[in-house]
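Okay, structure first, notes after.
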Amino acid sequence: MSVQLAPSILSADFARLADEAAAVADVADWLHVDVMDNHFVPNLTLGAPVVAALHAATPLPLDCHLMIDDPDRWAVDFVEAGAANVTFHAEAARDVVETARSIRAAGARAGLALKPDTDLDDYFDVLPEFDMLLVMTVEPGFGGQHFMAAMMPKVARARRFLRDTGAALWIQVDGGVDADTIEQCAAAGADVFVAGSAVYNADDPAAAVVALRERAVAALAEPGVSR
Ligand code: DX5
Ligand code: ZN
């Protein structure tokens, strides 16, 4: 299982997004783009036109995390804007299967995001419709929040489910992931790591990505961590 790093531009300088993307382009696997509508979460960021502009400005594949109401209606717009992955929240969608299928039919990977209080067991039967499960490790809405270690059993349970069923989803963690917390995420079974403030508040964002990857890879090499 490979480790993938997805720096979140939520903590970047929004006036210099192309430069901020370029700063991690050689070391990151994805650029994580947080879309917030001030309804599903109490914060407002950007929409499909900015995603299209970023797509034109960076070779990194865009990982759009939709924290919006009615993703059923809007998800495909983000694929058309150039997102290679579109993740939406289970709590916001009317029909998660239909929305996943619309994302995939439009040509992107589909992700299902769960807020901390949302029960994973309620979604086991729909996971085969998805390419990635996002286990939120903070309440969605803001960067720089405290990591919720209490989400690690949810990650581990998801990893066990995938192992038992042979499903090929990636497991992403998002929120409070930094040099102190990434190892426990990897040990629990995550393989895609979003980091906002740990990357863009660092003096050298690229070096921060490299260091995070090293820690995740090292955690996977620990005895007792099997995949
Ligand atoms: C929060 C966003 C995250 C955010 C993470 O709702 O989904 O992607 O950028 O920021 P950090 O890594 O600072 O917790
Ligand atoms: Zn996010």
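Sequence positions, counted from 1, serve as the residue numbers for this chain. Remember, it's 1-based here, ligands and their atoms both numbered in the order they're listed.
Protein heavy atom nearest atom 6 (O) of ligand 1, with residue, atom name and distance: G141 N, 2.7 Å. For atom 12 (O) of ligand 1, the closest heavy atom belonging to the protein is G196 N, 2.8 Å. Of the protein's heavy atoms, S197 OG, 2.5 Å lies nearest to atom 13 (O) of ligand 1. When only non-hydrogen protein atoms are considered, atom 1 (C) of ligand 1 lies nearest to F142 O, 3.5 Å. Counting protein heavy atoms only, atom 2 (C) of ligand 1 is closest to D34 OD1, 3.5 Å. Nearest protein heavy-atom neighbour of atom 14 (O) of ligand 1: G176 N, 2.8 Å.
Within the listing of ligand 1, atoms 7 (O) sit less than 4.0 angstrom from a heavy atom of H65. Shown in contact with G175 at under 4.0 Å from a heavy atom are these atoms of ligand 1, numbered in order with element: 14 (O). For ligand 1, the atoms closer than 4.0 angstrom to any heavy atom of M67 are 6 (O), 7 (O). Close contacts between ligand 1 and G143 involve ligand atoms 10 (O), 13 (O) [criterion: under 4.0 Å to a heavy atom]. Atoms of ligand 1 found under 4.0 Å from any heavy atom of D174 (numbered from 1 in listed order, with element): 2 (C), 3 (C), 4 (C), 5 (C), 7 (O), 8 (O). Close approach to H32 involves these atoms of ligand 1, each under 4.0 Å from a residue heavy atom: 8 (O). Below 4.0 Å from some heavy atom of P140 lie the following atoms of ligand 1, by number and element: 6 (O). Set against the non-hydrogen atoms of V194, the atoms of ligand 1 under 4.0 Å away are 8 (O).
Residues D34 and T45 have side chains that never bring a donor and an acceptor to within less than 3.5 angstrom of each other. N85 and T87 form a side-chain donor-acceptor contact under 3.5 Å, judged by distance and modelled atom types alone. Side-chain contact check for D63 and H32: at least one donor-acceptor pair (N or O, by modelled atom type) lies under 3.5 Å.
Note: F130 and F88 meet the aromatic proximity criterion, with ring centroids under 6.0 Å apart.
As for H65, its N/O/S atom nearest the Zn ion (ligand 2) is the one called ND1.
Under the 4.0 Å criterion applied to side-chain N and carboxylate O atoms, R157 and D121 are assigned as salt-bridge partners. The pair K115-E91 does not meet the salt-bridge criterion, since no charged nitrogen lies less than 4.0 angstrom from a carboxylate oxygen.
At a 3.5 angstrom cut-off on N or O pairs, A198 does not count as close to ligand 1. For ligand 1, the polar-atom distance check against A195 finds no nitrogen or oxygen pair separated by under 3.5 Å. Below 3.5 Å of separation, one finds an N or O of S8 facing an N or O of ligand 1.
Under a 3.5 Å cut-off, the side chain of S11 and the backbone N or O of Y200 do not form any donor-acceptor pair.
Within 6.0 Å of CG on D125 lie more than 12 heavy atoms contributed by other residues, nucleotides or ligands.
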